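Computed from a predicted model, the values in this text were never measured in an experiment. Atoms within a ligand are numbered from 1 in the order they appear, just like the ligands themselves.
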Amino acid sequence: MSSDTDKKITVTSPLLPDLDEFTALLREIWGSKWITNNGSFHGRLEKELCEYLKVPYISLFTNGTLPLITSLQALRITGEVITTPYSFVATTHSLWWNGIKPVFVDIDPVTGNIDPDRIEAAITPRTTAIMPVHVYGQPCDTERIQRIADTYGLKVIYDAAHAFGVEVNGKSLLNAGDVSTLSFHATKVYNTIEGGALVMHDEEMKRRIDYLKNFGFKNEVEVMAPGINSKMDEVRAAYGLLNLRQVDKAIAARKRTAGIYRVALQDVEGVRCIQDSPGVRHNYSYFPIFIDAEKYGMNRDELYIKMKESNVLGRRYFYPLISEFTTYRGLPSAKPSNLPNAHKLANSVICLPMYHNLTDRDMDRVVECIIKK
Ligand SMILES: *Cc1c(COP(=O)(O)O)cnc(C)c1O
């Protein structure tokens, strides 16, 4: 008898719009012959995202890395920027692309977010900004970080790639700091295939960013700064409008999965699950578990391989740390002795399969794999 355990359970699966509805919108685009450069779907998506996310201004991008790079340009950040090694590599690459020196600060061992207690010690006369990440969509201590930034006259750029729709006490997390960036990559909670956005507080910044993402063109004849091309096209904006209508349903399904995983794993010794925080509307973008090898009786990599052999694909996210990649490992702040909590988390984490249409049977298989040793 063939068994359903031959079926691979992937770690993620993209939220896709209904193909017929998408085709209808494509017909509209074909009819208008306006396929990029601030078309009507682009305008509609910016407006609807502002409403959905409860933010005043948003600028769409072609991915989630370019708003990081572009906002550093817009805010004229130079010198050194304090950031976290526990993130996707794009966070630090955006600094490197601007000729900025990253200064890594260790993380909180529970949330995985930059530890505010360690930021001040890393500030030098060359420090101009802080770039934290809301890891797995868990909110950073934005008030503490803002107080430090205000005291030292620093800008704060949040990499909020994981934090789509996350709210704290009914308010968007994306309004923290000077700007926040989003990624709409296929693997994220909300996707436009590839795509991203920058969230800002004022119209002036919105205008500046809109010029910068279109080569710096202010009008037909004036270029205000050396901009880049990172505009979102009409096809992906239309796709994004359709996905926005179903993202709440997708988040609700993810929440249910998180609940099932938590209950099933609560008594497994040596396995810690990510938890919800009071007052936070989470988006369940990832479901990391952290393995204590001694208590669990198997280390993270052994479990990762065992899962793979059972066709359950986890992801060691984030491992290796950004500070371990060749570009960055020579930096003084990249020394492992400076980042003990980050190393510990990176060596213990596995993100479990998490997406909107994961079946109950698939969840059972994931859980069985972890429980049965
Ligand atoms: C996905 C991601 C990015 C990059 O986004 P892309 O859309 O893939 O360019 C940046 N930072 C973090 C934390 C991410 O997870």
Side-chain angles (χ1 to χ4, degrees), residues 11-15 45 49 58-72 81-98 100 102 104-105 107-108 111-114 129-140 142 156-166 173-174 176-177 179-199 213 228-233 236-237 239-240 243 254 274 282-288 315-325 327-328 342 345-346 349 351 354-355:
V11 71
T12 182
S13 179
L15 182 66
L45 184 56
L49 279 171
I58 201 164
S59 182
L60 294 174
F61 277 76
T62 185
N63 59 50
T65 302
L66 282 158
L68 285 167
I69 291 174
T70 310
S71 61
L72 291 165
V81 170
I82 291 172
T83 189
T84 170
Y86 195 73
S87 180
F88 182 63
V89 73
T91 312
T92 311
H93 280 354
S94 72
L95 299 172
W96 206 258
W97 273 71
N98 278 287
I100 295 163
F104 296 112
V105 161
I107 58 170
D108 179 288
T111 64
N113 288 331
I114 194 165
I130 308 170
M131 186 181 272
V133 180
H134 303 294
V135 177
Y136 311 127
Q138 302 204 95
C140 289
T142 56
V156 184
I157 298 120
Y158 280 100
D159 181 340
H162 297 180
F164 185 89
V166 174
L173 179 60
L174 303 171
V179 292
S180 290
T181 67
L182 288 166
S183 166
F184 303 152
H185 183 254
T187 55
K188 297 335 202 229
V189 170
Y190 168 81
N191 83 86
T192 59
I193 306 176
E194 293 273 354
L198 191 71
V199 172
K213 76 177 182 189
I228 191 121
N229 178 11
S230 49
K231 307 182 295 294
M232 182 182 281
D233 62 76
R236 285 186 289 160
Y239 176 107
N243 258 355
R254 286 168 172 271
I274 190 174
H282 291 275
N283 65 6
Y284 307 93
S285 47
Y286 300 89
F287 197 88
R315 189 175 170 202
R316 290 170 292 185
Y317 195 61
F318 300 102
Y319 167 85
L321 294 174
I322 302 175
S323 51
E324 290 297 295
F325 293 121
T327 315
Y328 305 115
L345 222 58
V349 68
C351 285
M354 171 56 95
Y355 44 92

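- The distance criterion of under 3.5 Å between nitrogen or oxygen atoms is not met by His185 with respect to ligand 1.
- Annotation: cation-pi geometry satisfied between Lys213 and Phe61 (NZ/CZ under 6.0 angstrom from ring centroid, within 45° of ring axis).
- Below 30°, between 30° and 60°, or above 60°: for Phe164 and Phe184 the angle between ring planes is above 60°, a perpendicular geometry.
- Residue contact check for ligand 1: Phe318 places no non-hydrogen atom closer than 4.0 Å to it.
- Considering backbone and side-chain N/O atoms, Ser87 never comes within less than 3.5 Å of an N/O atom of ligand 1.
- Of the listed options Leu66, Asp159, Ile69, Asn63, Asp159 places a heavy atom closest to atom 11 (N) of ligand 1.
- Looking at ligand 1, you won't find any N or O of Val133 less than 3.5 Å from one of its N or O atoms.
- Using a 4.5 Å heavy-atom cutoff, the side chains of Arg236 and Ile193 are in contact.
- His185 and Thr187 share a side-chain donor-acceptor pair at under 3.5 Å.
- Remark: distances from the non-hydrogen atoms of Glu194 to ligand 1 are all 4.0 Å or more.
- Among protein heavy atoms, the minimum distance from atom 3 (C) of ligand 1 is reached at Phe88 CD2, 3.7 Å.
- Proximity of Tyr317 to ligand 1, defined as any heavy-atom pair under 4.0 Å, is confined to the side chain (atoms from C-beta onward).
- For ligand 1, the polar-atom distance check finds no N/O of Tyr286 at less than 3.5 Å from any of the ligand's N/O atoms.
- Between His162 and Tyr286, the ring planes lie tilted relative to each other; the angle falls in the 30° to 60° range.
- Judged by distance alone, the side chains of Asn283 and Tyr190 never bring a donor and an acceptor atom under 3.5 Å apart.
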